[in-house]
There are 2 protein chains.
Amino acid sequence: MVTAPSAAPLEDRASKERLRLWLRILRATRMVESELRERLKSGFGTTLPRFDVLSALYRRPDGMGMSDLSRFLLVSNGNVTGIVDRLVADGLVLRGKRDGDRRASVVRLTDEGAAAFEAMAGAHEQWIDELLAGVGEADARQLSAMLKSFRSNWEAEP
Amino acid sequence: MVTAPSAAPLEDRASKERLRLWLRILRATRMVESELRERLKSGFGTTLPRFDVLSALYRRPDGMGMSDLSRFLLVSNGNVTGIVDRLVADGLVLRGKRDGDRRASVVRLTDEGAAAFEAMAGAHEQWIDELLAGVGEADARQLSAMLKSFRSNWEAEP
DNA sequence: CCGGTATATTTCAAGCATGAAGTTTCAAGG
DNA sequence: CCTTGAAACTTCATGCTTGAAATATACCGG
């Protein structure tokens with residue numbers, strides 16, 4: 001038994017700390033997401049993925065390609081197809097063709113879709129504000145910056 | 001046009017900052033989760049939800065009830081049923097009955113299940129360490145503490 | 001023009017996820 | 001007893017999600 005007493009390798013300690021952090025992030029995210037899902041359903045009869053798509057499209061009145069959408073939302077191509085299909089069926093989204101490239105489609109909100117999103121956006125922001133109430137503005141700013149750099153490290157890889 | 005120049009209500013600024021924070025947390029979580037999912041699949045032929053269940057059961061050699069499991073993992077009851085069904089079919093998990101209460105079942109790892117988890121746990125921790133490499137130990141600790149208090153605020157509600 | 005490669009999207013099977021409805025069992029109170 | 005209500009699970013319909021295979025189109029070098 002000659003294991004060093006407090007000599008747990010520094011890197012090992014940091015590793016445990018990161019694992020702990022990850023598990024907590026995961027829990028927090030799931031709690032918030034599940035609350036949002038529930039409120040979106042009971043309040044507006046819609047789902048989180050649908051809201052995400054509407055939200056993405058709202059920022060682009062000119063529309064986005066399916067692939068842009070899937071890249072932006074970080075979900076698979078096939079996934080977006082299904083969600084957009086349902087939104088189209090509900091009249092909230094329009095699938096158009098791009099001139100000069102018959103492969104690509106351009107997806108954009110209908111007026112009804114834009115109105116639907118506007119009706120939800122305020123409530124959504126307010127819910128987030130409420131659910132993250134425990135995080136002060138300074139903390140939010142710091143955390144946000146950290147996550148931004150974290151993301152940058154990420155996207156530089158390919 | 002008499003809108004005050006820098007007089008955006010303080011609460012409004014904080015609200016925007018929290019929304020921004022939430023969106024970044026969401027992106028970061030999705031990126032890490034999708035990377036983990038991919039590595040679990042290619043490296044061990046399993047999935048994230050299965051890993052989560054094995055991980056939860058590993059910490060409880062005496063087993064857990066289905067409801068405990070679903071509460072712990074923050075997923076619905078019906079969901080756990082399906083995942084455990086598949087794990088049982090694969091021989092990694094055992095469904096037992098509790099003496100004195102024929103409703104409750106006790107789910108525990110088989111030896112094979114424990115071995116399977118042990119084989120993955122090290123790699124998993126290492127992956128997290130790599131994926132969160134951008135976060136220093138001090139930051140991790142602080143963030144972790146913040147999320148812990150965040151969670152506490154949460155669970156006190158019911 | 002032709003063939004090959006790359007891009008944009010859809011389709012499909014399998015698994016995950018929820019919420020609601022159903023089954024069985026337990027625990028009390030009459 | 002025996003009903004009534006709660007608790008532990010399961011089942012089911014629906015929708016989300018992925019990754020792989022299929023389709024269709026575009027582009028490019030010969």
Side-chain angles (χ1 to χ4, degrees), chain A residues 26 29-31 33-54 63-90 92-93 95-107, chain B residues 26 29-54 56 63-90 92-93 95-107:
Chain A
L26 209 49
T29 304
R30 282 191 191 167
M31 289 189 290
E33 264 192 318
S34 116
E35 188 67 24
L36 289 178
R37 189 181 359 259
E38 196 177 319
R39 295 188 186 191
L40 274 178
K41 178 168 189 177
S42 72
F44 299 98
T46 193
T47 66
L48 215 34
R50 277 162 136 98
F51 179 82
D52 288 344
V53 168
L54 294 183
M64 307 175 71
M66 295 294 280
S67 294
D68 299 331
L69 209 39
S70 97
R71 258 191 302 278
F72 180 74
L73 297 176
L74 301 176
V75 299
S76 70
N77 266 351
N79 188 3
V80 175
T81 298
I83 300 172
V84 167
D85 279 351
R86 286 182 284 268
L87 288 173
V88 168
D90 290 351
L92 303 181
V93 157
R95 230 195 277 257
K97 282 298 177 189
R98 172 132 45 201
D99 304 347
D101 189 337
R102 271 176 301 180
R103 294 169 301 180
S105 45
V106 183
V107 179
Chain B
L26 208 49
T29 304
R30 282 191 191 167
M31 289 189 292
V32 173
E33 263 192 318
S34 114
E35 188 67 24
L36 289 179
R37 186 180 4 257
E38 195 178 319
R39 294 188 187 191
L40 274 178
K41 177 167 189 177
S42 72
F44 299 98
T46 193
T47 66
L48 216 33
R50 276 163 137 98
F51 179 82
D52 288 344
V53 168
L54 294 183
M64 308 175 71
M66 294 294 281
S67 294
D68 299 332
L69 209 40
S70 97
R71 258 190 303 277
F72 180 73
L73 298 176
L74 301 176
V75 299
S76 68
N77 265 351
N79 188 4
V80 174
T81 298
I83 300 173
V84 167
D85 281 350
R86 288 182 283 270
L87 287 173
V88 168
D90 290 352
L92 303 181
V93 157
R95 231 193 276 256
K97 283 297 177 190
R98 172 132 43 202
D99 303 347
D101 189 339
R102 270 176 301 180
R103 293 170 301 180
S105 42
V106 183
V107 179

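Lettering follows sequence order; numbering is per chain, from 1.
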* Gap between atoms CD and C1', on Glu38(A) and dG15(D) respectively (whole Å) -> 17 Å
* To do: Taking the side chain as every heavy atom from C-beta outward, state whether Leu40(B) and Thr47(B) have any pair of such atoms under 4.5 Å apart.
  => no
* For the residue pair Val80(A) and Val75(A), establish whether any side-chain heavy-atom pair is separated by less than 4.5 Å. => yes
* Give, for atom CG of Leu36(B) and atom CG of Leu26(A), the distance between the pair rounded to the nearest 0.5 Å. => 8.5 Å
* Structure fact -> DNA chain C nearest-nucleotide lookup for Arg37(A) and Asp68(A): closer to the 5′ end is Asp68(A)
* Name the nucleic acid region contacted by Gly82(A), choosing base, sugar-phosphate or nothing; use a 4.0 angstrom heavy-atom cut-off, strictly under. => nothing
* Base, sugar-phosphate, or nothing for Ile83(B), non-hydrogen atoms under 4.0 angstrom? -> sugar-phosphate
* Does dC16(D) have OP1 or OP2 sitting under 4.0 Å from an N or O in the side chain of Arg50(A)? -> yes
* Proximal nucleotide (of dC9(D), dG19(C), dT11(C)) relative to the Lys41(A) side chain -> dG19(C)
* Check whether any side-chain N or O of Arg102(B) sits under 4.0 Å from OP1 or OP2 of dA8(D), and answer yes or no. => no
* Can you tell me how far CD of Glu33(B) sits from CD of Glu38(B), rounded to the nearest 0.5 angstrom? -> 13.5 Å
* To do: Grab the CE-P distance between Met66(B) and dT24(C) for me, whole Å please.
  => 18 Å
* **d(CG, Asp85(A); P, dT11(C)) in whole Å** => 7 Å
* Structure fact -> One should read off an interatomic distance between Leu73(B) CG and Asn79(B) CG, to the nearest 0.5 angstrom, of 9.0 Å
* Asked: Using a cut-off of less than 4.0 Å, is there contact between a side-chain N or O of Asn79(A) and OP1 or OP2 of dT18(D)?
  -> yes
* Asked: Expressed in angstrom and rounded to an integer, what is the separation of Leu69(B) atom CG from dC16(C) atom C1'?
  -> 15 Å
* Structure fact -> Lys97(B) atom NZ is separated from dT24(C) atom P, nearest whole Å, by 12 Å
* Ser105(A) side chain N/O closer than 4.0 Å to the phosphate oxygens (OP1, OP2) of dT9(C)? -> yes
* To do: Mind calculating the distance between CZ (Arg30(B)) and C1' (dC16(D)) to the nearest angstrom?
  => 11 Å
* Mapping Asn77(B) and Pro49(A) onto DNA chain D by nearest heavy atom, which one lands closer to the 5' end? -> Asn77(B)
Please tabulate, one pair per line, each protein N/O and nucleotide N/O from nucleotides 2-7 of chain D that are separated by under 3.5 Å, including the distance.
residue, atom, partner, partner atom, Å
dA7(D), N3, Arg103(B), NH1, 3.1

* To do: Could you tell me whether Arg95(A) contacts a base, only the sugar-phosphate backbone, or nothing, with contacts defined as non-hydrogen atoms closer than 4.0 Å?
  => sugar-phosphate
* May I ask you to test the Val107(B)-Val53(B) pair for a side-chain heavy-atom distance under 4.5 Å? => no
* To do: Let me know the distance between CZ of Arg98(B) and C1' of dT24(C), rounded to the nearest Å.
  => 16 Å
* So, is Ser67(A) close to the dT9(C) phosphate, meaning a side-chain N or O under 4.0 Å from OP1 or OP2? -> yes
* Asked: What is the distance from CG of Leu73(A) to P of dT9(C), rounded to the nearest Å?
  -> 14 Å
* For Thr47(A) and Asp101(A), take the nucleotide of DNA chain D holding the closest heavy atom to each; which residue's nucleotide lies nearer the 5' end? -> Thr47(A)
* Asked: If we only count heavy atoms from C-beta on, is the Arg50(A) to Leu87(A) side-chain gap below 4.5 Å?
  -> yes
* Looking at side-chain heavy atoms only, is the closest gap between Asn77(A) and Met66(A) below 4.5 Å? -> no
